[in-house]
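Take a look at the structure below.
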Amino acid sequence: MNQIIKAQCLVLLILSVLNAVVSWAYLDYEAPCSPSDTENVCDPSKFLKCIDNTCLCNGTMVWDVKNVERCGLKLGQVCPIYPSFRGPFCYGTAVCKESDGHLQQGICTCVSPDEPSPNGEYCIHLAHNVGEYCTQHYVTCSTTDRLICSGTQCTCESGWLVNGTVCMAGFNSTCKVGSELPIETCRSNNLLKCNPETERCECSRGTDHIWHENTKICLTKAGATCEHDDFHHYECIEKASCRTGPNGLGRICTCNKYHHPSPDGTECVQDPVERILAPGELCDPENLVEVCNYAKDNVCSCPNKNFTCSCDCEKPFLINSKGECPAGFEAPCENLPNSPINLTCNEEAYLKCHQIGENSTCGCDSPLSQFYDRVLKTCQLRVGQECDPSPDKISCPETSICRKTDGDITRCWCEHSYKPSEDERRCYYTYSATQLPHGAACQEWNYLEFCPKSWNLFCVNGTCQCPEVAAEAVTDHIRGDIDIVG
Ligand SMILES: *[C@@H]1O[C@H](CO)[C@@H](O)[C@H](O)[C@H]1NC(C)=O
Ligand SMILES: *[C@@H]1O[C@H](CO)[C@@H](O)[C@H](O)[C@H]1NC(C)=O
Ligand SMILES: *[C@@H]1O[C@H](CO)[C@@H](O)[C@H](O)[C@H]1NC(C)=O
Ligand SMILES: *[C@@H]1O[C@H](CO)[C@@H](O)[C@H](O)[C@H]1NC(C)=O
Ligand SMILES: *[C@@H]1O[C@H](CO)[C@@H](O)[C@H](O)[C@H]1NC(C)=O
Ligand SMILES: *[C@@H]1O[C@H](CO)[C@@H](O)[C@H](O)[C@H]1NC(C)=O
Ligand SMILES: *[C@@H]1O[C@H](CO)[C@@H](O)[C@H](O)[C@H]1NC(C)=O
């Protein structure tokens with residue numbers, strides 16, 4: 001016997017798994033369908049049929065929202081008793097009752113106190129419990145039990161609180177002291193009690209307590225005594241905690257840091273902002289009175305959790321000198337006529353909006369002449385590119401200088417003994433540079449062949465020479481050095 005049950009469970013499991021895998025390929029209730037379409041068919045596990053080019057239940061059935069949405073058999077229809085998991089099932093609260101000694105099939109029947117509806121197709125059902133389905137034909141939620149139909153299920157009407165399957169009186173709802181009925185009993189778990197004079201539920205601690213509608217519980221006001229010095233025990237009003245009082249005796253609901261109690265103690269009000277921090281200034285995300293400039297979209301950014309935080313723009317925005325947050329490198333930007341995003345690239349970082357395919361993103365000018373430096377957060381010229389040394393113009397990489405080279409053109413150029421890296425993003429030291437001797441022809445900008453300053457030689461008028469100011473003695477001394485090396 002046990003084996004059979006196990007086997008049945010296994011079959012059920014396999015079927016439900018198969019169903020879950022396969023059913024999304026089927027058409028759902030009320031989906032358009034075609035009887036000639038063999039690939040897109042109405043979901044057979046929901047007993048749907050293609051009727052008038054729509055997936056519907058056939059005449060003996062009706063769409064049922066109970067548990068799993070599917071077609072349910074009307075009252076009086078033949079229903080399968082075995083195998084019990086296969087269905088179709090009786091609609092609503094009707095049950096499949098054995099008839100005429102049939103072991104495998106029965107008839108959909110109403111169970112008392114339910115009665116058949118006037119048209120004989122459904123059971124009239126009055127739902128007394130929270131969670132019962134209520135969108136079926138002839139099902140109503142019991143109003144005397146303070147139930148209403150919300151969505152597809154019965155729930156407690158406003159002012160009453162769910163307790164298991166029943167409704168209990170909530171704040172300011174009518175109650176009777178000593179009543180056995182849940183609807184007349186204040187829900188004590190929410191710290192409510194029945195006032196015998198007004199016959200309404202009120203907070204159990206009188207004026208020290210205030211009803212909090214969102215969490216549906218009575219909370220202790222700021223300044224009133226409390227019991228539980230427990231972070232997770234929400235006893236005090238929002239933004240307050242139960243702390244040891246100033247005299248060290250007893251505990252009092254005290255507003256949290258950067259908050260002060262309202263005159264009646266019913267809420268903790270945030271202290272006014274005392275200072276708006278400048279971009280780049282250190283900040284503390286917990287500090288509510290010294291804050292970053294939220295009006296300019298600045299946030300208190302802590303790139304590494306433990307490290308210090310500072311006022312910055314959120315990624316992918318990039319702060320500018322005015323403290324504003326325009327779009328940063330690779331951020332989406334304006335450019336498209338119907339784009340939902342309207343952003344300007346950070347011009348101070350020399351970012352421009354480029355359209356790539358359907359999207360626009362901020363990037364540097366031509367990738368051949370510029371690149372984005374992620375540390376300095378700006379576009380830079382590549383080594384060898386023409387440059388303008390003015391401070392408001394795009395600069396050369398840090399390892400290079402903007403200088404006159406051949407002719408009158410200024411370029412990002414390497415210093416003597418350094419040469420451009422392959423990607424032209426920096427200059428690096430090279431041992432292969434040639435140090436020219438005194439009197440040799442030179443070009444001041446040639447980083448691979450130059451007059452070595454360490455020997456006090458300078459490229460003057462195209463020749464490696466000693467500086468005019470240099471004394472003859474020094475020249476002799478240096479010439480001696482050159483002879484040794486040369
Ligand atoms: C309706 O569908 C059920 C299950 O698919 C089937 O057993 C029944 O015979 C159908 N009834 C009619 C009237 O087509
Ligand atoms: C309680 O309900 C009554 C009647 O609906 C209303 O007049 C009264 O203002 C309510 N009291 C509170 C504290 O909400
Ligand atoms: C909620 O219902 C349970 C029984 O299901 C009962 O023991 C309990 O007292 C009820 N809660 C309140 C707050 O009355
Ligand atoms: C970060 O802070 C936590 C606790 O504050 C500490 O245990 C951890 O060692 C810190 N890590 C670093 C890298 O400082
Ligand atoms: C986008 O920005 C431009 C210039 O700032 C402005 O004229 C335009 O109205 C903005 N469009 C949207 C949709 O916000
Ligand atoms: C454009 O942006 C959207 C949303 O960010 C993204 O899903 C899509 O792949 C992008 N298309 C291209 C061509 O980059
Ligand atoms: C450079 O050469 C020119 C002519 O060849 C000469 O007039 C000038 O004085 C020289 N300058 C220096 C600094 O030697």
Side-chain angles (χ1 to χ4, degrees), residues 66-67 92-93 95 111-114 125-134 139-242 251-255 259-270:
K66 181 183 166 188
N67 295 320
T93 51
V95 297
V111 182
S112 178
D114 289 6
H125 178 72
L126 186 61
H128 291 286
N129 291 318
V130 171
E132 282 196 71
Y133 289 87
C134 54
V139 173
T140 39
C141 301
S142 166
T143 50
T144 55
D145 292 308
R146 297 291 182 177
L147 288 169
I148 51 153
C149 188
S150 166
T152 59
Q153 287 162 287
C154 296
T155 188
C156 299
E157 71 177 63
S158 165
W160 271 262
L161 303 166
V162 174
N163 184 37
T165 59
V166 299
C167 300
M168 295 188 77
F171 180 71
N172 203 26
S173 294
T174 50
C175 59
K176 278 201 174 69
V177 175
S179 173
E180 300 267 292
L181 289 175
I183 57 153
E184 291 179 344
T185 309
C186 303
R187 194 161 190 268
S188 57
N189 284 12
N190 302 54
L191 307 181
L192 291 168
K193 65 166 191 198
C194 193
N195 181 326
E197 277 160 37
T198 60
E199 297 208 311
R200 281 178 184 271
C201 298
E202 56 182 38
C203 286
S204 56
R205 289 189 59 201
T207 52
D208 281 354
H209 245 165
I210 180 165
W211 179 249
H212 190 244
E213 188 58 34
N214 285 354
T215 53
K216 305 243 184 290
I217 198 158
C218 294
L219 297 173
T220 305
K221 289 182 187 175
T225 55
C226 51
E227 285 172 38
H228 304 279
D229 199 356
D230 181 354
F231 185 75
H232 296 291
H233 202 286
Y234 299 108
E235 187 181 5
C236 301
I237 56 166
E238 283 180 296
K239 291 164 190 143
S241 323
C242 189
R251 291 184 172 130
I252 291 172
C253 283
T254 315
C255 289
H259 289 85
H260 58 274
S262 62
D264 61 1
T266 57
E267 53 183 333
C268 290
V269 185
Q270 195 180 310

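Every heavy atom of this structure was used, including side-chain atoms; hydrogens, water molecules and symmetry mates were not. Counting convention: from 1, in listed order, for ligands and their atoms alike. This is a predicted model, so every value here is computed, not measured.
For the pair Leu147 and Cys167, the minimum side-chain heavy-atom distance is below 4.5 Å. Put simply, the side chain of Ser204 reaches to within 4.5 Å of the side chain of His209, judged on heavy atoms. At a threshold of 4.5 Å between non-hydrogen side-chain atoms, the residues Asn190 and Trp211 count as touching. Phe171 is not listed as a side-chain neighbour of Leu191, based on a closest heavy-atom distance of 4.5 Å or more.
Using a distance-only test at 3.5 Å, with no hydrogens or angles considered, a donor-acceptor pair links the side chain of Asp264 to the main chain of Thr266.
Using a 4.0 Å cutoff on heavy atoms, Arg200 counts as a contact of ligand 2.
Contacts classified as salt bridge (charged side-chain N to carboxylate O under 4.0 Å, His left out) and involving residues 198-223 (residues at least two apart or in different chains) are given here: Arg205-Asp208, Glu213-Lys216.
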Between the protein and ligand 3, which nitrogen or oxygen pairs come in under 3.5 Å, and how far apart is each?
from	atom 1	to	atom 2	distance (Å)
ligand 3	2 (O)	Asn163	ND2	2.3
ligand 3	11 (N)	Asn163	ND2	2.9

